[in-house]
Undergrad: 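Pasting in a structure now, in structure tokens, and then I'll have a few things to ask.
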Amino acid sequence: MRKFSPLFAVLAAACSAAPVSYYGVAPPGREDAYQCAVAQLNIMGYTIEDGNSDVGFVRARKQTSGLGLQLFTGNTYHDVLTATAFDNPANGETNLRVVATRIADQDVAMGVGGSEDAAERGEDVLPPSDSGKTDAQALLVNCGVSNVTGPPSDQDEYVLSGAPAPQDIRLRDGRASAGER
């Protein structure tokens with residue numbers, strides 16, 4: 001069973017619905033960072049669905065699926081970005097964090113076999129899309145964050161699962177794994 005542990009971790013990562021976070025130090029002023037995040041979300045075509053300027057929190061979504069996919073699957077897909085701006089009292093820096101995820105809104109009435117009076121089934125949280133991750137990083141850069149920190153784009157699935165990335169896996173005899181060679 002020990003031989004299969006990395007394989008199971010990678011498979012679990014593929015099924016993970018964990019969000020991906022990006023963050024960095026923004027120009028001074030929590031309120032300015034918050035207002036910039038709201039403006040960038042609007043510019044990128046996101047619809048603000050929740051927020052609080054006193055706390056520096058805003059959540060927005062953008063539909064990414066077309067009508068054909070909606071009719072076929074009964075799902076409407078959205079990228080969801082949540083931005084939080086806060087001042088760090090320890091060092092006086094203003095921090096901006098953006099969390100990217102993806103939502104599949106399920107509506108039985110839209111899908112095959114649904115009925116007009118079918119109740120909405122809810123939503124599933126999915127791993128963020130590539131466009132959602134790109135938008136999260138763009139928001140930070142456009143708000144003056146020069147050093148965006150987050151999982152490397154080619155290793156998101158390893159970071160989400162807690163499994164080591166292929167280049168970090170070593171064989172028992174100390175040789176590098178195939179991912180490191």
Side-chain angles (χ1 to χ4, degrees), residues 9-10 12-66 75-106 120 122-169 179-180:
V10 170
C15 298
S16 174
V20 175
S21 296
Y22 300 94
Y23 56 93
V25 177
R30 183 194 58 77
E31 181 63 28
D32 290 342
Y34 168 79
Q35 291 299 330
C36 181
V38 170
Q40 288 302 311
L41 288 166
N42 282 314
I43 289 168
M44 291 187 286
Y46 283 78
T47 301
I48 308 295
E49 63 179 19
D50 193 10
N52 184 328
S53 61
D54 293 334
V55 185
F57 155 82
V58 61
R59 183 176 52 235
R61 68 171 56 202
K62 177 169 67 173
Q63 185 172 332
T64 58
S65 59
N75 292 337
T76 305
Y77 293 91
H78 295 90
D79 284 334
V80 177
L81 298 182
T82 303
T84 308
F86 59 96
D87 289 322
N88 184 339
N91 57 19
E93 295 177 332
T94 298
N95 293 273
L96 186 57
R97 177 179 180 210
V98 181
V99 178
T101 193
R102 190 169 189 208
I103 301 291
D105 286 324
Q106 301 173 341
E120 186 176 342
E123 61 184 32
D124 290 329
V125 178
L126 305 170
S129 68
D130 288 340
S131 63
K133 290 186 268 187
T134 299
D135 286 349
Q137 294 172 40
L139 184 151
L140 289 168
V141 169
N142 292 337
C143 286
V145 176
S146 58
N147 267 340
V148 175
T149 304
S153 60
D154 63 338
Q155 294 182 4
D156 287 341
E157 66 272 11
Y158 300 106
V159 173
L160 294 175
S161 71
Q167 69 270 14
D168 297 331
I169 298 173
E180 190 175 309

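These numbers come from a predicted model, not from an experiment.
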Undergrad: Looking at every heavy atom in both G132 and L81, which two are closest together, and how far apart are they?
TA: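 Looking at all heavy atoms of both residues, the closest pair is O-CD2, 3.6 Å.
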Undergrad: Which heavy atom of A18 sits nearest to which heavy atom of P128, and what is that distance?
TA: O-CD, 3.7 Å
Undergrad: So, T94 side chain and G29 main chain: donor-acceptor pair closer than 3.5 Å or not?
TA: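 The answer is yes, because a donor-acceptor pair under 3.5 Å joins these two groups.
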Undergrad: Below 4.5 Å, heavy atoms only, C-beta onward: do D50 and V58 meet side chain to side chain?
TA: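 Result no, sub-4.5 Å side-chain heavy-atom pair not found.
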Undergrad: Exactly one of Q137, R97, K133 should register a side chain to side chain donor-acceptor pair (under 3.5 Å) with Y22. Which one does?
TA: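 When Q137, R97, K133 are each tested with Y22, the side chain to side chain donor-acceptor pair (under 3.5 Å) holds only for Q137.
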Undergrad: Who pairs with N91 by side chain to side chain contact (heavy atoms under 4.5 Å, CB included), at least two apart in sequence or on another chain?
TA: N88, E93
Undergrad: Please list, one pair per line, the donor and acceptor atoms closer than 3.5 Å that link side chains of residues 37-47 to other protein atoms, with sequence neighbours excluded.
TA:
from: Q40; atom 1: OE1; to: N142; atom 2: ND2; distance (Å): 3.1
from: N42; atom 1: ND2; to: V38; atom 2: O; distance (Å): 3.2
from: Y46; atom 1: OH; to: D135; atom 2: OD2; distance (Å): 2.7

Undergrad: Restricting to side chain to side chain donor-acceptor pair (under 3.5 Å), what partner residues turn up for S131, sequence neighbours left out?
TA: D79, S129
Undergrad: With a 4.5 Å limit on heavy-atom distance, are the side chains of V20 and V99 in contact?
TA: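 In short, these two side chains do not touch, never coming nearer than 4.5 Å.
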Undergrad: Please identify each residue that fulfils salt bridge (Lys or Arg N to Asp or Glu O under 4.0 Å) with E31, with sequence neighbours left out.
TA: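 For E31 there are no salt bridge (Lys or Arg N to Asp or Glu O under 4.0 Å) partners, ignoring immediate neighbours.
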Undergrad: Hey, does V141 have a side-chain heavy atom less than 4.5 Å from the side chain of V148?
TA: yes
Undergrad: For the atom pair CG (L139) and CG (L96), what is the distance rounded to the nearest 0.5 Å?
TA: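 The CG atom of L96 is 6.0 Å from CG of L139, to the nearest 0.5 Å.
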Undergrad: Evaluate the side-chain proximity of Q63 to T76: yes if any heavy-atom separation is below 4.5 Å, no if none is.
TA: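 They are in contact (side-chain heavy atoms under 4.5 Å apart), so the answer is yes.
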Undergrad: Could you tell me which non-hydrogen atom of A33 sits nearest to which non-hydrogen atom of A85, and how far apart they are?
TA: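 Result for this residue pair: CB-CB, 3.8 Å.
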Undergrad: By salt bridge (Lys or Arg N to Asp or Glu O under 4.0 Å), which residues pair with D54, not counting sequence neighbours?
TA: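 Scan of D54 (salt bridge (Lys or Arg N to Asp or Glu O under 4.0 Å), adjacent residues dropped) gives none.
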Undergrad: The test is side-chain contact (heavy atoms from CB on, under 4.5 Å); show your working for V80 and R59 and say whether it passes.
TA: CA-CA 7 Å; V80 177; R59 183 176 52 235; 3.8 Å; yes
Undergrad: Could you work out, with salt bridge (Lys or Arg N to Asp or Glu O under 4.0 Å) as the rule, every residue matching R30, not counting sequence neighbours?
TA: none
Undergrad: Looking at every heavy atom in both Y34 and F57, which two are closest together, and how far apart are they?
TA: CE1-O, 3.4 Å
Undergrad: Can you tell me which residue among N147, T149, V145 is in a side-chain contact (heavy atoms from CB on, under 4.5 Å) with Y23?
TA: T149
Undergrad: Kindly give the heavy-atom pair with the smallest separation between A26 and C143, and that separation in Å.
TA: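 Scanning both residues, the minimum pair turns out to be CB-O, 4.4 Å.
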Undergrad: Give a yes or no answer on whether the side chain of T101 reaches the backbone of L126 with a donor-acceptor pair at less than 3.5 Å.
TA: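 Checked: pair present.
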